[in-house]
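Worksheet: the structure to be examined is printed underneath.
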Number of protein chains: 2
Amino acid sequence: MNLVFKALADPTRRRILELLREREMTAGELAEHFSLAKPTLSGHFAVLREADLVEAEKHGTSITYRLKLSVLEEALLALAGVMGIGLAEKGTDGKKGKGHAT
Amino acid sequence: MNLVFKALADPTRRRILELLREREMTAGELAEHFSLAKPTLSGHFAVLREADLVEAEKHGTSITYRLKLSVLEEALLALAGVMGIGLAEKGTDGKKGKGHAT
DNA sequence: ACTATATTTCGGTATTTGGCAAAATAGCGA
DNA sequence: TCGCTATTTTGCCAAATACCGAAATATAGT
């Protein structure tokens, strides 16, 4: 949980997660959304991976990143719980168009 | 919101918020719960104040800190919203004894 | 005015972080 | 094997962070 909140502390990383919510993307595709150098983004991916917020899958020469929504959700619920905020799952509605899930 | 998540990134600060959930406390009382120097804690208080997660009130020579639960709650809901996590308010159950609020 | 108490501000240090360019790695097709 | 593409790793730097002890500030009591 500590790693998750550390990861969430950076706006770029939150934006990455937000992009991944819509659909999984390769490192390159993600990079197109930012004006940061590839190595910089790669560093952010590493942080997100260590926090277990995303998973990476290799396809040929590219790497596809996918959001692990449940991990994020649990961290948020855990914090809410410990802080005494009454948050309840409402049903992960979800993506834009293409239904699907884990 | 950025400041809130930056503030939440540190375990000590999360613990401070957690302590303040139970009851408001002075800087000194809070400090007793940690093995950190006063100035260090004071720095953490400042971060929490800047994030608007706590409010400080001066009584005599001491300063009482109080958690601003709603700010934390809104930040969590905002993130959950943008990430497409279905979290709903369940009703801030609340403190131990003394009810009250802003 | 002086003293004691509570807390913050001030300097300083060590570690972490976020950024980059250049080099290394890995897979693919010729 | 060579070259091309995608991504990460390495090495570096500047800025931010977390910590501390000492000094400054503010308030209350005498």
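Everything numeric in this text was worked out from a predicted model, so none of it was measured. These values consider heavy atoms only, across backbone and side chains, with no hydrogens, waters or symmetry-generated copies. Numbered from 1 within each chain, the chains take letters A, B, ... in sequence-line order.
- Counting to the nearest Å, the P atom of C:dG18 and the NZ atom of B:Lys6 are 8 Å from each other.
- Going from atom CZ of B:Phe45 over to atom C1' of D:dC19 covers 15 Å, rounded to whole Å.
- Going from atom NZ of A:Lys38 over to atom P of C:dC20 covers 12 Å, rounded to whole Å.
- Among the protein residues, A:Leu36 comes within range of the sugar-phosphate backbone only, with heavy atoms under 4.0 Å from sugar or phosphate atoms but none that close to a base.
- Between A:Arg49 and the phosphate of D:dT8, there is a side-chain N or O to OP1/OP2 separation shorter than 4.0 Å.
- Neither OP1 nor OP2 of D:dT17 sits under 4.0 Å from any side-chain N or O of B:His44.
- Within the structure, a side-chain polar atom (N or O) of B:Ser42 is placed less than 4.0 Å from OP1 or OP2 of C:dT8.
- Salt bridge status for A:Arg21 with A:Glu18: absent, with no side-chain N to carboxylate O gap under 4.0 Å.
- Along DNA chain C, the nucleotide closest to A:Gly60 and the one closest to A:Ala9 are compared, and the more 5′ of them pairs with A:Ala9.
- Note on A:Ser62: every side-chain N or O is 4.0 Å or more away from OP1 and OP2 of C:dG27.
- Atom-to-atom, CD1 of A:Ile63 to C1' of C:dA26 comes out at 9 Å; the value is rounded to the nearest Å.
- Distance CD1 (A:Ile16) to C1' (D:dT7): 14 Å, rounded to an integer number of Å.
- Looking at the side chain of A:Pro39, the nearest of the listed nucleotides D:dC19, C:dA21, C:dT7 is C:dA21.
- Remark: B:Thr61 is not in phosphate contact with C:dT7, judged by side-chain N or O atoms under 4.0 Å from OP1 or OP2.
- Computed from coordinates, the B:Asn2 CG to C:dT17 P distance equals 16 Å when rounded to whole Å.
- A:Tyr65 comes within 4.0 angstrom of sugar-phosphate atoms only, judged by non-hydrogen atoms across all strands, and of no base.
- For B:Arg66 (side chain) and B:Glu55 (main-chain N/O), no donor-acceptor pair under 3.5 Å exists by modelled atom type.
- The separation between B:Phe34 atom CZ and C:dT7 atom P is 14 Å, rounded to whole Å.
- For the side-chain contact (heavy atoms from CB on, under 4.5 Å) with B:Ile16, the qualifying choice from B:Leu67, B:Leu41, B:Val54, B:Asp10 is B:Leu41, the only one to do so.
- In this structure, the side chains of A:Leu79 and B:Arg14 come closer than 4.5 Å at one or more pairs of heavy atoms.
- Inter-residue side-chain proximity for A:Leu17 and A:Leu8 is flagged as met; some heavy-atom pair is nearer than 4.5 Å.
- Nearest nucleotide to the side chain of B:Thr40, out of D:dC19, C:dT8, C:dG19: D:dC19.
- A straight line from NZ of B:Lys58 to P of D:dA28 spans 9 Å, rounded to a whole angstrom.
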